[in-house]
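A short worksheet on the structure shown next.
Given the structure is predicted, the values throughout are model-derived calculations rather than measurements. No hydrogens, no waters, no symmetry mates; every other heavy atom, side chains included, goes into these values.
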Amino acid sequence: MCGIVGGLGLNGTARTFSLGFSEMIFSGVVIGLAQGIYLILEQGKAIDPIIFGLLQPLESLPNQLAVVGLVVSQAIIHIPVPSTSGQAVLTMPLVTPLTDLLGMSREIAVFTYQYSATLMDMMTPTNGTILAILAAANIKFNHWVAYIWKSWLLIMGIGLLAVIIALFSIS
């Protein structure tokens, strides 16, 4: 209806729809490839050992370093697990007892997950959404990373500082 009201006519509307759809096919393929990486890791039973291997060494660190390690670990985990809800389901059962063991508030576990997952959404090459957006905008991923890395590091630093402050202020 919009195409007809806009003066494109039936054939013009169909051609415009087809042209728009053809531009999104690459984005769909990119999303499929990103999901394929996750499925291979999941079906290969590789995700749980990766998570355990990243979190287990944090038990012996002082709390200030353990918090930084949690943020970094959550950021690394977001690469093979680009789904934020999927990451929460996989990591929270391990991170929560770890923060309990270290005498930290469980809110710290949530903060480390939230800051890392949210920021990694902008940089993760397995995140189908960001790849689809970049493909639709005709922006190469390496150009995107080159453009945002300084701002990303600044925001990650602010997030780390916030988590460390929270470590001392939340009892």
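- Side-chain heavy atoms closer than 4.5 Å link hydrophobic residues (I, L, V, M, F, W, Y) into clusters, and following such links, possibly through other members, connects I79 to L134.
- Of all the heavy atoms in S116 and A75, the pair that sits closest is CB-N, 3.5 Å.
- Using a 4.5 Å heavy-atom cutoff, the side chains of Q74 and Y115 are not in contact.
- Linking Ile, Leu, Val, Met, Phe, Trp and Tyr whenever their side-chain heavy atoms come within less than 4.5 Å puts V68 and M104 in one cluster.
- Rounded to the nearest 0.5 angstrom, L70 CG and L65 CG are separated by 11.0 Å.
- Note: F111 CZ to S105 OG = 7.5 Å, rounded to the nearest 0.5 Å.
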Exercise. Tell me, with the steps shown, if T84 and Q114 meet side-chain contact (heavy atoms from CB on, under 4.5 Å).
Key: CA-CA 9 Å; T84 51; Q114 285 179 326; over 6 Å; no

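- Of the inter-residue distances, the one linking I108 atom CD1 with D100 atom CG reads 12.0 Å to the nearest 0.5 angstrom.
- In this structure, V67 and L160 have side chains that are not in contact, with every pair of non-hydrogen atoms separated by 4.5 Å or more.
- By the neighbour-count criterion of 12 heavy atoms within 6.0 Å, atom CG of L161 is densely surrounded, having more than that number from other residues, nucleotides or ligands.
- Note on I164 and L153: same hydrophobic cluster, where clusters join Ile, Leu, Val, Met, Phe, Trp and Tyr whose side-chain heavy atoms are under 4.5 Å apart, directly or indirectly.
- The closest side-chain heavy-atom distance from D121 to I130 is not below 4.5 Å.
- A chain of hydrophobic side-chain contacts below 4.5 Å, direct or via other Ile, Leu, Val, Met, Phe, Trp or Tyr residues, connects I155 to W149.
- The side-chain heavy atoms of R106 and V95, taken from C-beta on, include no pair separated by under 4.5 Å.
- Separating the OG1 atom in T13 from the CG atom in L8 is a distance of 4.5 Å, to the nearest 0.5 Å.
- In this structure, N142 places its CG atom where more than 12 heavy-atom neighbours from other residues, nucleotides or ligands lie under 6.0 Å away.
- Across T126 and P82, no two heavy atoms sit closer than the pair O-CG, 3.4 Å.
- Residues I77 and Q87 come closest through the heavy atom pair CG2-CG, 4.1 Å.
- The two residues P80 and I76 make their nearest non-hydrogen contact at CD-O, 3.1 Å.
- Around atom CZ of F141, more than 12 heavy atoms belonging to other residues, nucleotides or ligands sit under 6.0 Å away.
- Between A117 and H78, the shortest heavy-atom distance links the atoms O-NE2, 3.5 Å.
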Exercise. Apply side-chain contact (heavy atoms from CB on, under 4.5 Å) to M122 and I148, showing your working.
Key: CA-CA 9 Å; M122 295 187 290; I148 68 162; 4.0 Å; yes

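- Annotation: the span from N63 atom CG to F168 atom CZ amounts to 8.0 Å, rounded to 0.5 Å.
- Distance check, rounded to the nearest 0.5 Å: CG of L167 to OG1 of T99 gives 10.5 Å.
- A heavy-atom distance below 4.5 Å is not found between the side chains of Y113 and V71.
- What you find for L119 and M156 is that their closest heavy atoms are CD1-CA, 3.6 Å.
- Using a distance-only test at 3.5 Å, with no hydrogens or angles considered, no donor-acceptor pair links the side chain of W144 to the main chain of I139.
- Under the 4.5 Å side-chain heavy-atom criterion for Ile, Leu, Val, Met, Phe, Trp and Tyr, Y147 and L131 are members of the same hydrophobic cluster.
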